[in-house]
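For the numbers below, each heavy atom of this structure counts, side chains included, while hydrogens, waters and symmetry mates do not.
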Amino acid sequence: GQRVAITFLDHCEGSTKPIRFCVFGKVAKVGKASISVNSWAYPNKDHKGDGNEATFCIVTSAIETIELLKAVETYHPNS
């Protein structure tokens with residue numbers, strides 16, 4: 001569940017070079033060859049998925065940097 005920003009090289013149709021992208025989210029799974037990040041997820045981990053979530057699987061060999069993100073303060077707009 002660590003919050004991260006992962007910068008990685010992605011494939012690109014119609015180009016001869018990969019394109020640099022960044023995904024922000026919570027680490028869902030770390031595998032031998034990839035890291036999965038939930039960029040759109042329910043705050044309650046007990047909530048079972050209903051298709052309204054977004055997870056990206058990034059191949060570790062394409063990763064340039066992983067930044068650990070830390071909350072500085074919590075904002076409650078309706079408080």
Side-chain angles (χ1 to χ4, degrees):
Q2 177 69 45
R3 288 168 173 80
V4 295
I6 299 177
T7 302
F8 63 99
L9 294 177
D10 199 6
H11 67 283
C12 179
E13 183 177 349
S15 177
T16 58
K17 296 188 278 184
I19 295 179
R20 183 171 286 108
F21 278 95
C22 189
V23 63
F24 299 87
K26 293 187 336 186
V27 174
K29 181 180 177 184
V30 177
K32 217 173 189 182
S34 65
I35 297 175
S36 295
V37 177
N38 292 333
S39 64
W40 191 262
Y42 290 100
N44 181 347
K45 64 182 175 185
D46 294 332
H47 185 96
K48 298 301 176 201
D50 58 4
N52 192 30
E53 299 169 289
T55 302
F56 293 88
C57 179
I58 311 299
V59 177
T60 53
S61 61
I63 294 174
E64 294 185 332
T65 62
I66 299 176
E67 295 177 64
L68 301 180
L69 305 178
K70 185 169 72 170
V72 176
E73 64 182 77
T74 303
Y75 173 66
H76 298 282
N78 298 319
S79 299

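The side-chain hydrogen bond (donor to acceptor under 3.5 Å, both in side chains) test applied to Thr55 returns Asn38, not counting sequence neighbours. Annotation: side-chain hydrogen bond (donor to acceptor under 3.5 Å, both in side chains) contacts of Ser39 (sequence neighbours excluded): none. In this view, Val4 and Gln2, Ile6, Val27, Val37, Ile66, Leu68 satisfy the side chain to side chain contact (heavy atoms under 4.5 Å, CB included) rule, not counting sequence neighbours.
In plain terms, the two heavy atoms of Val23 and Phe56 that are nearest each other are CG2-CD1, 3.9 Å.
Considering only heavy atoms from C-beta on, Thr65 stays 4.5 Å or farther from Phe8 through its side chain. Between Leu69 and Phe24 there is a side-chain heavy-atom pair separated by less than 4.5 Å.
Judged as a side-chain hydrogen bond (donor to acceptor under 3.5 Å, both in side chains), not a single pair has a partner in residues 21-32 (not counting sequence neighbours). For the salt bridge (Lys or Arg N to Asp or Glu O under 4.0 Å) condition, the pairs that include at least one residue of residues 56-67, sequence neighbours left out, are Arg20-Glu64.
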Please output the side-chain donor-acceptor pairs of residues 10-17 that fall under 3.5 Å, not counting sequence neighbours, one pair per line with the distance.
from  : atom 1 : to    : atom 2 : distance (Å)
Ser15 : OG     : Lys17 : N      : 3.1
Ser15 : OG     : Lys17 : O      : 3.2

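Val59 and Ile19 are not part of a single hydrophobic cluster, where members link through side-chain heavy atoms under 4.5 Å apart. Residues Phe21 and Ile35 share a hydrophobic cluster, clusters being chains of Ile/Leu/Val/Met/Phe/Trp/Tyr side chains in contact below 4.5 Å.
With rounding to the nearest 0.5 angstrom, the CD1 atom of Ile63 is 9.5 Å from the OG1 atom of Thr7.
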